[in-house]
2 protein chains.
Amino acid sequence: MPATARSARPPVLTPGRPLYEEVRAHLTEGVAAGRWKAGEAIPSEADLAAHFGVAIGTIRKAVDSLVAQGTLLRRQGKGTFVTAHDGRRLMFHFFHIVGADGAKAYPEVRTASFERGRADAAEAAALAIVRDERVIRIRNVLSLDGRAVIVDDITLPAALFPGLTERIFTARDNTIYHLFQSRYGINVLRTDERLRATLASGPTAALLGLPAGAPLLEIRRVAITFRDRPVELRVSRVNTASHVYHNTFGKGEAI
Amino acid sequence: MPATARSARPPVLTPGRPLYEEVRAHLTEGVAAGRWKAGEAIPSEADLAAHFGVAIGTIRKAVDSLVAQGTLLRRQGKGTFVTAHDGRRLMFHFFHIVGADGAKAYPEVRTASFERGRADAAEAAALAIVRDERVIRIRNVLSLDGRAVIVDDITLPAALFPGLTERIFTARDNTIYHLFQSRYGINVLRTDERLRATLASGPTAALLGLPAGAPLLEIRRVAITFRDRPVELRVSRVNTASHVYHNTFGKGEAI
DNA sequence: AAGTGGTCTAGACCACTAG
DNA sequence: TAGTGGTCTAGACCACTTC
């Protein structure tokens with residue numbers, strides 16, 4: 001069959017852009033809409049090819065990009081699955097504090113406060129909501145190697161997290177992004193971070209056991225899901241006396 | 001022709017791993033060895049397919065990964081080129097300081113000192129050289145919007161940069177990584193960064209016009225080329241009063 | 001018109017997982 | 001043994017660049 005003679009396909013694939021992009025968009029929509037939930041398998045490549053009326057190679061190209069993006073996960077012989085945020089996957093995808101020697105460390109989290117309020121101007125701008133919209137504010141203290149090292153101030157749009165209580169929040173046995181996903185169907189796709197150096201003061205200094213004037217690394221992170229929707233604002237203050245923020249650029253594997 | 005009946009191919013492709021990985025390794029080797037220089041075109045996909053004795057689709061898969069890695073660059077209708085570090089490509093790939101409002105800014109660079117010396121223990125460890133090996137130390141002051149904001153202390157293994165003088169270094173009209181590439185054939189593939197918060201003191205404070213005790217963001221970066229070879233150690237100290245370090249994780253494009 | 005990369009097809013066989 | 005993803009082929013046509 002020549003490449004141009006496409007057979008009839010149930011879902012309308014609007015022309016103008018490559019088929020694999022159409023397929024990719026449909027798959028992404030399916031995940032975002034919860035048609036396939038985190039950890040579940042999507043249909044086999046052969047089924048998808050039949051469903052969309054395209055060759056299996058086109059399906060593979062679409063799935064490839066979603067695997068690269070982190071939305072899907074392939075397991076040879078088993079199937080293709082929606083990525084689940086358990087198993088510490090995003091733990092280290094989005095947590096970049098390591099020991100000064102580069103050793104990874106799992107933080108121990110304690111929730112210091114959990115309150116409801118209304119968005120101020122900065123929060124509203126970061127979360128793409130209107131001012132005075134309801135938000136949830138959480139303060140966590142993270143310890144590494146038994147010492148308090150990080151203070152996290154988290155702001156969530158309350159509308160996205162109905163029924164979230166301190167009890168539910170602290171009872172989670174996994175990362176916060178896993179909670180987002182398992183309870184609210186929110187997949188964090190990417191984060192945007194801005195880092196500054198500041199000086200310790202007030203309650204933050206006290207929580208970290210530091211004198212006023214000690215240097216702190218401040219990380220202002222916005223977590224983003226499908227359709228560029230911000231779902232979380234998190235301001236972290238890190239004592240970098242014995243831990244550092246670690247980061248690599250470029251996907252170059254050795255030859 | 002069935003998939004298993006491969007025709008004779010001049011370069012021996014060792015079995016055991018996928019053909020496209022073999023091809024990828026050969027292409028990477030060619031770039032690393034300078035067979036095709038930065039900005040030059042590699043052979044066409046059809047030529048490569050004939051040369052390696054594989055299908056064009058296999059070549060495409062190998063090239064795809066090198067394009068994703070940033071080593072190669074495709075231009076439809078023209079060819080596939082070795083990425084050149086001019087045109088500010090790596091400028092913003094590896095320079096992450098932006099205005100507090102997120103606006104990109106081009107730094108103005110002034111070289112404050114250029115000296116030769118011998119590696120101390122920390123430099124030797126970071127650059128994978130032996131202690132007391134010859135190094136070049138450069139101190140740059142970077143200004144954004146007319147104000148000194150960053151002090152860079154750069155350490156280079158002298159063996160990798162023969163004949164590098166302050167005159168050559170400061171005469172460059174482009175980024176330092178472009179100089180690495182154009183004069184020494186060194187392609188920076190990736191960087192490893194560790195960030196801490198520190199306090200301003202001594203000459204750094206003076207260069208930035210800050211009082212002692214002001215908070216500074218310290219970035220310790222190692223630049224890495226093929227075969228995981230470190231080629232540069234750079235310690236940057238950034239005044240984040242009106243600029244921030246910006247960073248995103250996750251390649252998620254909107255649906 | 002010729003040459004390049006970009007998309008897509010149809011089908012083969014291999015490697016892994018499960019019943 | 002059946003079903004899944006992983007690799008690879010051979011060839012078609014399209015879109016872009018250059019002459």
Side-chain angles (χ1 to χ4, degrees), chain A residues 1-9 11 13-27 36 39-68 71-83, chain B residues 1-9 11 13-27 36 39-83:
Chain A
M1 185 200 287
T4 47
R6 289 167 197 156
S7 53
R9 32 192 151 63
L13 299 186
T14 63
R17 55 171 172 167
L19 287 181
Y20 68 86
E21 283 188 15
E22 290 292 325
V23 172
R24 177 197 150 105
H26 275 83
L27 293 177
W36 310 294
E40 293 181 3
I42 68 173
S44 75
E45 297 179 343
D47 285 353
L48 289 172
H51 179 248
F52 288 110
V54 301
I56 208 169
T58 302
I59 298 294
R60 283 191 68 80
K61 188 154 184 176
V63 171
D64 277 347
S65 72
L66 291 173
V67 168
T71 300
L72 297 180
L73 180 73
R74 282 199 172 104
R75 281 196 261 172
Q76 187 174 8
K78 300 189 72 175
T80 302
F81 300 79
V82 178
T83 302
Chain B
M1 183 201 286
T4 47
R6 289 168 197 157
S7 54
R9 31 191 154 62
L13 298 185
T14 63
R17 57 171 171 166
L19 286 182
Y20 68 86
E21 284 188 14
E22 291 292 326
V23 172
R24 177 196 149 108
H26 274 83
L27 293 177
W36 311 294
E40 292 181 4
I42 68 173
S44 75
E45 297 180 343
D47 286 354
L48 289 172
H51 179 248
F52 288 110
V54 301
I56 208 169
T58 303
I59 298 294
R60 283 192 68 81
K61 187 154 183 176
V63 171
D64 277 347
S65 72
L66 291 173
V67 169
Q69 187 193 348
T71 300
L72 297 180
L73 180 72
R74 283 199 171 106
R75 281 196 261 171
Q76 187 175 9
K78 300 189 72 173
T80 302
F81 301 79
V82 178
T83 302

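Chain identifiers are assigned alphabetically (A, B, ...) following the order of the sequence lines, protein sequences preceding nucleic acid strands; residue numbering begins at 1 within each chain. Remember, it's a predicted structure, so these values are computed and weren't measured experimentally.
Side-chain atoms of A/Q76 lie closest to C/dA15 of the nucleotides C/dA15, C/dC8, C/dG6. Considering only side-chain atoms of B/T58, the nucleotide from D/dC8, C/dT4, C/dT9 that sits closest is D/dC8. The side chain of B/K78 lies closest to D/dT17 when the candidates are C/dT7, D/dT17, D/dT7. Picking from D/dT9, C/dT9, C/dG6 the nucleotide with the shortest atom distance to the side chain of B/R74 gives C/dG6.
The shortest side-chain heavy-atom distance between B/E21 and B/H26 does not fall under the 4.5 Å cut-off. Counting heavy atoms from C-beta outward, A/L19 and A/F52 have side chains that stay 4.5 Å or more apart. The shortest distance between side-chain heavy atoms of B/V67 and B/L73 does not fall below 4.5 Å. Side-chain contact between A/T80 and A/V63: present, with at least one pair of heavy atoms (C-beta onward) separated by less than 4.5 Å.
Side-chain nitrogen and oxygen atoms of B/K61 include at least one within less than 4.0 Å of the OP1 or OP2 phosphate oxygen of D/dT7. Look at B/Y20 and you won't find any side-chain N or O under 4.0 angstrom from OP1 or OP2 of D/dC8.
Regarding B/E21, its CD atom lies at a distance of 15 Å from the C1' atom of C/dC14, rounded to whole Å. Residue A/L19 contributes atom CG, which lies 17 Å from atom P of D/dC13 at whole-angstrom precision. Rounding to whole angstrom units, CD1 of residue B/I56 and P of C/dC8 are separated by 16 Å. Distance CZ (A/F52) to C1' (C/dC8): 16 Å, rounded to an integer number of Å. Rounded to whole angstrom, the span from the CG atom of A/L27 across to the P atom of D/dG5 amounts to 12 Å. Across the protein-nucleic acid pair, B/R75 atom CZ and D/dT17 atom P stand 10 Å apart, rounded to whole Å. Note: CG (B/L72) to P (C/dT4) measures 16 Å, nearest angstrom. Atom P of nucleotide C/dC8 and atom CZ of A/R17 are separated by 11 Å, given to the nearest angstrom.
Comment: B/D64 engages B/R74 in a salt bridge, judged by a side-chain N to carboxylate O separation of less than 4.0 angstrom.
Heavy atoms of B/R60 sit under 4.0 angstrom from at least one base atom.
The nearest heavy atom of DNA chain D to A/G77 and to A/D64 marks one nucleotide each, and the one closer to the 5' end goes with A/G77.
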